[in-house]
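Down below is the structure, laid out as structure tokens.
We count ligands from 1, going down the list as the structure has it; atoms in each ligand are counted the same way. These values consider heavy atoms only, across backbone and side chains, with no hydrogens, waters or symmetry-generated copies.
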Amino acid sequence: MTKIGVLGLQGAVREHVQSIKVSGAEAIVIKKKEQLDEIDGLVLPGGESTTMRRLIDQYDFFTPLQQFGKQGKPIFGTCAGLILLAKEIVGQKQSHLGLMDIKIERNGFGRQRESFEAKLTITGVADDFEAVFIRAPYIEEVGKHVETLAFNQGKCVAAREGNYLCSAFHPELTRDHRLMQYFINMVEESKKHLAS
Ligand code: GLN
């Protein structure tokens, strides 16, 4: 069975575990860097990116996470997880893992409007996806190898670059698991490639 990890340092971990299971893969909460060797793909959940980064450093996850991605294993970053994946963050000198060639704006839809829902078309996934946004970032610029997958209010809110997938919204908070299924397909494809 395909094994998908969820980085379990902070944030919406349990909801992703549930979504992975419902989508037919095995879910593992990752609390130690050694566990990364056991999994085929990884979800970086939503939460608070600065807090998550602090815990990533504290538990010595930084380099192992970068290596995981650079090996070609798929990573799906949702909301704060997207912020962790980005190469550039508007207004900040430093990014975090810097694995995806995207420039992002934190709290891009305004801090006041804490959360909202919107129906999205996601290329290759759905044309009626109810997406939950919570203090969400958006993607301001993408590199030439990045495929934009969804827009809200003219802003890019989901993208893919090779083995990396990200969404500014929280797909784990509804019963619509189609984006997670899309990610699991990515992981299954990469498993075949990495094995051959
Ligand atoms: N605004 C948060 C951050 O900057 C992300 C919010 C979320 O993950 N729901 O980390």
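Those atoms of ligand 1 that come under 4.0 Å of a heavy atom in Ile83, given as number and element, are 3 (C), 4 (O), 10 (O). In summary, the atoms of ligand 1 found under 4.0 Å from a heavy atom of Asn107, numbered by their order in the structure, are 1 (N). Close contacts of ligand 1 with His170, meaning ligand atoms under 4.0 Å from a residue heavy atom, involve 7 (C), 8 (O), 9 (N). Using a 4.0 Å cut-off to heavy atoms of Ile134, the atoms of ligand 1 that qualify are 6 (C), 7 (C), 9 (N).
Among Val157, Ile104, Leu165, the single residue meeting the side chain to side chain contact (heavy atoms under 4.5 Å, CB included) criterion with Leu82 is Ile104. Of the candidates Tyr138, Phe116, Phe109, Phe133, Phe169 forms a ring-ring contact (aromatic ring centres under 6.0 Å, His included) with just one, namely Phe133.
Side-chain polar atoms of His170 and Thr78 form no donor-acceptor pair below 3.5 angstrom.
Backbone and side-chain nitrogen or oxygen atoms of Thr50 are examined, and none is located within less than 3.5 angstrom of a nitrogen or oxygen of ligand 1. Between Gly46 and ligand 1, a contact under 3.5 Å exists for no N or O pair.
Nearest-residue assignment for atom 5 (C) of ligand 1 (options Gly47, Pro137, Gly11, Gly77; heavy-atom criterion): Gly47.
A donor-acceptor pair is defined here as one N or O able to donate and one able to accept, closer than 3.5 Å; such a pair exists between the side chain of Gln35 and the backbone of Val29. A donor-acceptor pair is defined here as one N or O able to donate and one able to accept, closer than 3.5 Å; no such pair exists between the side chain of Gln10 and the backbone of Gly47.
For atom 7 (C) of ligand 1, the nearest non-hydrogen atom of the protein is Cys79 SG, 2.7 Å. Among protein heavy atoms, atom 10 (O) of ligand 1 sits closest to Ser49 N, 2.6 Å.
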Problem set entry | Chi angles and distances behind the salt bridge (Lys or Arg N to Asp or Glu O under 4.0 Å) call for Glu189, Lys192 | CA-CA 5 Å; Glu189 283 302 310; Lys192 283 186 221 153; 3.1 Å; yes
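With a heavy-atom cut-off of 4.0 Å, Thr78 does not touch ligand 1 at all.
For the pair Leu97 and Ile75, the minimum side-chain heavy-atom distance is 4.5 Å or more.
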